[in-house]
*Asks:* 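Got a structure for you, written out below as structure tokens; questions coming shortly.
Residue numbers start at 1 and run along the sequence shown. The figures that follow rest on heavy atoms only: side chains count, while hydrogens, waters and symmetry mates do not.
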Amino acid sequence: HWVWNLLFALIYALFVDRWIKEALLDGADDCDEVDALRRSMISPRFVAFIMLLFGLAMALAELPVLRIAGVPWLPEIVVWALVATPLALLLPSLSAGEPLSLGEAWSAGRPVLLGLFILIAGTALLSLLAATAATQAGGHLLPDKPWSAAAVAGATRLADCFLLTFVGYGLAASFRARTGWQQPAPDDHTYRGVRARKA
């Protein structure tokens, strides 16, 4: 299961990177720079950050079970989201091809930390709830066939991808709002290639 989880973490990273790029370029005028950004490969630092979060999630899953409000995995979500939130704006900056340093990511995201935490923790919580619901529904509605488990797993992964669209859009919107990042534009636009950070 570790190998499958790692594989899907990589797939999710590719999906989120692509979705953030599309969110950042939504409504952009066609030009070579826009096409280049849209076609650009995922940043190795993006993958490294996702793998770091994946490793943390796996480590938390191995800890003795704690309960908050009677839910065994709620403490894991809270700790995981607390680690991910301060540097979350690294991801859209890497997708945009204008990477922030760790300090810059923290400074840019600090005024919206609560919103980012709610976005990340809420998505993780909904993902686990969707997995639990799919498992329960599969046990009651699907026949006892070899393909039933695969159908439940597929429904869970599909729900995760749906939830990640909200994460990608939210991170892209926060990045644009907090850094003043501008979409690439044709040569006749005066702001072509300029990004002014907000204080």
*Asks:* Transitively linked via ILVMFWY side-chain contacts under 4.5 Å: Trp19 with Phe49?
*Replies:*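 No, because Trp19 and Phe49 fall into different hydrophobic clusters, even though each may have its own neighbours under 4.5 Å.
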*Asks:* Would you mind listing every ring-ring contact (aromatic ring centres under 6.0 Å, His included) that reaches into residues 146-172, with sequence neighbours excluded?
*Replies:* Phe162-Phe166
*Asks:* So which atom in Leu102 and which in Leu87 form the shortest heavy-atom distance, rounded to 0.1 Å?
*Replies:* O-CD2, 3.7 Å
*Asks:* Between Leu116 and Ser174, what is the shortest heavy-atom contact and its length?
*Replies:*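 What the structure gives for the nearest pair is CD2-OG, 3.9 Å.
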*Asks:* Output yes when a side-chain donor or acceptor of Gln183 lies under 3.5 Å from a complementary backbone atom of Leu24, and no otherwise.
*Replies:*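 Between the backbone of Leu24 and the side chain of Gln183 there is a qualifying donor-acceptor contact (under 3.5 Å).
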*Asks:* Do Leu6 and Met58 have side chains that get closer than 4.5 Å, going by heavy atoms?
*Replies:* no
*Asks:* Looking at side-chain heavy atoms only, is the closest gap between Ile20 and Val16 below 4.5 Å?
*Replies:*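 Result yes, sub-4.5 Å side-chain heavy-atom pair found.
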*Asks:* Starting from Leu114, can I reach Leu171 by hopping between I/L/V/M/F/W/Y residues whose side chains sit under 4.5 Å apart?
*Replies:* no
*Asks:* State whether the side chain of Arg178 and the backbone N or O of Ala108 hold a donor-acceptor pair below 3.5 Å, judged by distance alone.
*Replies:*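 Yes, Arg178 side chain to Ala108 backbone: donor-acceptor pair under 3.5 Å.
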*Asks:* State whether the side chain of Thr85 and the backbone N or O of Leu82 hold a donor-acceptor pair below 3.5 Å, judged by distance alone.
*Replies:* no
*Asks:* Could you list the cluster mates of Leu158? Members are the ILVMFWY residues connected by side-chain heavy atoms closer than 4.5 Å, either directly or through other members.
*Replies:*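 The other cluster members (ILVMFWY side chains, heavy atoms under 4.5 Å, direct or chained): none.
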*Asks:* Taking the side chain as C-beta and beyond, is there a heavy-atom pair between Ile50 and Leu91 under 4.5 Å?
*Replies:*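 When only atoms from C-beta onward are counted, Leu91 and Ile50 do touch, with a gap below 4.5 Å.
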*Asks:* Do Val152 and Leu163 share a hydrophobic cluster, counting only Ile, Leu, Val, Met, Phe, Trp and Tyr and linking them when any side-chain heavy atoms are less than 4.5 Å apart?
*Replies:*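 No.
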*Asks:* If I take atom CZ from residue Phe175 and atom OG from residue Ser95, how far apart are they, to the nearest 0.5 angstrom?
*Replies:*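 It comes to 9.0 Å.
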*Asks:* Could you tabulate the donor-acceptor pairs under 3.5 Å formed by side-chain atoms of residues 117-131, not counting sequence neighbours?
*Replies:*
from, atom 1, to, atom 2, distance (Å)
Thr123, OG1, Leu119, O, 2.6
Ser127, OG, Asp160, OD1, 2.5

*Asks:* With sequence neighbours left out, what residues match Phe8 under side chain to side chain contact (heavy atoms under 4.5 Å, CB included)?
*Replies:* Trp4, Ile11, Tyr12, Arg157
*Asks:* Would you check if Asp29 and Val34 make a side-chain contact, meaning some heavy-atom pair closer than 4.5 Å?
*Replies:*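 No. Closest side-chain heavy atoms not under 4.5 Å.
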*Asks:* Do the side chains of Thr165 and Phe15 get nearer than 4.5 Å, heavy atoms only?
*Replies:* yes
*Asks:* Output the distance between atom OG1 (Thr179) and atom CD (Glu98), rounded to the nearest 0.5 Å.
*Replies:* 7.5 Å
*Asks:* List, one per line, each side-chain donor-acceptor pair under 3.5 Å for residues 37-46, sequence neighbours excluded.
*Replies:*
from, atom 1, to, atom 2, distance (Å)
Arg38, NE, Glu22, OE2, 3.3
Ser40, OG, Leu37, O, 2.7
Ser43, OG, Arg45, N, 3.2
Arg45, NH2, Leu100, O, 3.4

*Asks:* Closer than 3.5 angstrom, by distance alone: can the side chain of Trp80 be matched with the main-chain N or O of Leu53 as a donor-acceptor pair?
*Replies:*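 Yes, Trp80 side chain to Leu53 backbone: donor-acceptor pair under 3.5 Å.
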*Asks:* Can you list every pair that meets salt bridge (charged side-chain N to carboxylate O under 4.0 Å, His left out) and has a residue in residues 8-19, with sequence neighbours left out?
*Replies:* Asp17-Lys21
